[in-house]
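Beneath this line is the structure, given in structure tokens, with notes to follow.
Within every chain, numbering begins at 1; the chains are lettered A, B, ... in the order of the sequence lines, protein sequences first and strands thereafter.
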Amino acid sequence: MNLSKLQENLRETVIAAAKSEFSIELETIASEVPPKTELGDVAFPVAFELARRIKQQTGEKSNPRMIAERLKAALKENEAVERVEVAGAGYLNVFFHRAKFLIESQTAEILPRLSESKDQSAPKVCVEHTSVNPNKAAHIGHVRNSVIGDTFVRILKATGKRVEVQNYIDNTGVQVADVVVGFLYIENKTLEDIKNLDANLTAEGKTFDYYCWDLYAKVGQIYQKDEALKAKRAEVLHLVEAGKNPTAELADYVATRNVECILATMERFGIRYDLLPRESEILHLHFWKKAFEEMQTREVIKFETEGKAAGCWVMPFEEHSGNDEHEADKILVRSNGTVTYTGKDIAYQMWKLGLLGLDFYYNLFHTYADGKEVWITTATDLASANVPEFGNSETVYNVIDSRQSYPQEVVKKGVATIFPEKGEAASVHLSYEMVALSPGAAEELGFQISDEDKQKSFIEMSGRKGLGVKADDLLNRLEENALAEVEKRHADLSGDEKRKTAHIIAVGALRYFLLKFTRNTVIVFDFKEALSFEGETGVFCQYSAVRANSIFRKLGEQDSGFRIQDSRLEEISAIFNAEDGDDIWSMVILAARLEETIAYAANANEPALLAKYTFNLAKTFNVFYSRHKIIAEENKAKRAVLIAVADLARSSLTAALNTLGIEVPERM
RNA sequence: GCUCGCGUAGCUCAGUUGGAUAGAGUGUUCGCCUCCGAAGCGAAAGGGCGCAGGUUCAAGUCCCGCCGCGAGUACCA
């Protein structure tokens, strides 16, 4: 039996005991992890609640400790429980039978399976993340989005869900149009010129997205003094949206190439997708029209004839009661008849939830090295073979920057208004704060910082200004640093092995760095901190797993024959009851909490919870490792116990790291 | 103005539907590799959780009011 189940059983026992002893029906009760191992493995502060209820019902005051005493007996009946104590003001502290628990951990699967559910009846959810405008290279802020999204996907899969990963491609927006303006009117390039440029860049080992990064910033600068060029933007945007013209073809090339570059960048971080839905198809397949009709039929949208939104179709929201009369009403169709981004987003969200009644066509976009496929939407039926089923998700998670919480609120409320039967809970905005630069970091990147900005604690990154830490640059720097360390420590490894190890370390460092902050914390990027391999880092966690593995490598070379199952229960219990028994046990129980931690992180929509747990697990293992000489232990039973514990710890640590998208190298 | 988020050790951050002596990392000082990997371990110093009230057996966590910082509040995306 795994720990989650055991705790669930104990909670039920307490509820039943409360009923039989005090005739009080509790629906749910809290259980918590005691602050110290000596205080037990699970604690119920239930006596306080019961005391309150008894007072309510009878008016009599009762002592929580006395109440707790009367609940003890029921818990003791569980054979996994060794003893129960009443402590403090009335805590009910439960101690598990340590020896039994450890032996069982050897045979039963107490850690969660990490593979995605293949069961087609398992609930399917959709996670949209990354969604970088395909007009430039990805920067560290985009990586935060992708790493949070990807980790959340892994967490959901570990809880048994089927997950579809979408990366929305806004290939017809102003940002792509801006770069197209740059190519057409600053550089005077044709599509052929751009293709040649692209080929030359590739030959020089450079990438198209980096070129666009600079061009985009240049366009932004020129816009400020050249009105004529700015006027071109609207013209280009219109052509791009309309499609089927040379400008649109050029834009498609630019966007598609950037998508390829961004996918390659994300692949370095271990981040992959199932589907790339594009805005062009949402336009050309008239998703909006269908959504609009639905809204009219259901009368959740109205045409304004007066006021500042005259001539627009708006969706009214009464919740926000601002000073302005209709401040909260959201315009979905402009007075010139075009649809706003939020309008398109509502249609897209409806499709994700299987509520639109229309579908895309699909084409294979890319196949990863191991055969996994990424699909892209198309406007016409290309009769592609073996198209998987997309959309139609029970719940949709959108990983989007918190600055967009207002439009996301509109999308959520909008869909719920149109389909009250589906409700708001089906749309989750997984918001996160931005990654900003410290003034020092911005200067290190070679940017002139205004005096005003120097006073600020952080500076927002800006693609338009070309101000940001590019994802590939940072990862390259991390790989270089890691490689230098690997060279120092393992000169005997081959060049390939060294580079592979350095890569795993670099990815571990960066993913952990982005995950250790909770979502609503602004990360003020600092090179020193991000490049660190010491302290609370992914590298620390990897290192501890590598050391654990090296114990077993050594053991493999020896005859390790003696296993814990061969010892008698009393022998093992004696070890846990000895002076250092508590600290051996604390390693066991912490390693066993992986499953509940994953469930907790999934419920709270917070990957950082798993990151923190993983660090604690690694820290605890390091302490365990330094206190106990495992291989050299002379007492056979104790040695077997230490080995079993180390084995459990490394399995749990490895599984936790994998769920964070962090690999464990062979050596490091 | 309104809405949302945040204010916890020198610095950067955790803190599970309110719970047992407020925790990490980093920085500072000191100690630990003839013994499973020192990207490690141990120790010391360091805050009473922005301010002021309230609810509760119990408040960093909930409520009210202030103060400070940030974001949003487009017929941009």
Nearest to the side chain of Q175(A) - A77(B), C41(B), C13(B)?
->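 Nearest listed nucleotide: A77(B).
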Side chain of E536(A) (C-beta onward), nearest among C75(B), C36(B), A24(B) =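 Among the listed nucleotides, the one closest to the side chain of E536(A) is A24(B).
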Rounded off to whole Å, could you give me the CG-to-C1' distance for the N520(A) and G7(B) pair?
->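 Atom-to-atom, N520(A) to G7(B), this comes out as 13 Å.
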Acceptor/donor pairs from residues 35-44 of chain A side chains to any protein atom, 3.5 angstrom cut, sequence neighbours excluded:
| from | atom 1 | to | atom 2 | distance (Å) |
| --- | --- | --- | --- | --- |
| D41(A) | OD1 | W585(A) | NE1 | 2.6 |
| D41(A) | OD2 | F96(A) | N | 2.7 |

Based on Watson-Crick and G-U pairs with both distances under 3.5 Å, what dot-bracket line describes RNA chain B 5' to 3', crossing pairs as [ ] and inter-strand pairs as |?
-> (((((((..((((.........)))).(((((.......))))).....((.((.......)).)))))))))....
Would you please test E666(A) and H490(A) for side chain to side chain contact (heavy atoms under 4.5 Å, CB included) and show each step?
-> CA-CA 11 Å; E666(A) 290 281 318; H490(A) 302 288; over 6 Å; no
Using only heavy-atom distances, decide whether a donor-acceptor pair under 3.5 angstrom links the side-chain of N93(A) to the base of A20(B).
->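 Yes.
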Is there a donor and acceptor pair, one atom on the side chain of S550(A) and one on the base of C36(B), closer than 3.5 Å?
->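 Side chain to base: no pair below 3.5 Å.
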How would you label the contact of V539(A) with the nucleic acid (heavy atoms, under 4.0 Å): base, sugar-phosphate, or nothing?
->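 Answer is base: heavy atoms of V539(A) come under 4.0 Å of a base.
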When we call it a touch if two heavy atoms are under 4.0 Å apart, what does I505(A) touch: a base, just sugar-phosphate, or nothing?
->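 Base contact.
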Anti or syn - G48(B), cut at 90° from 0 |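 Syn conformation here, the glycosidic angle of G48(B) being no more than 90° from 0.
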Which heavy-atom pair separates M461(A) from L437(A) by the least distance, and what is that distance?
->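 Heavy atoms of M461(A) and L437(A) come nearest at CG-CG, 3.7 Å.
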Side-chain donor-acceptor pair under 3.5 Å between D170(A) and Y341(A), yes or no?
->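 No - no donor-acceptor pair under 3.5 Å links their side chains.
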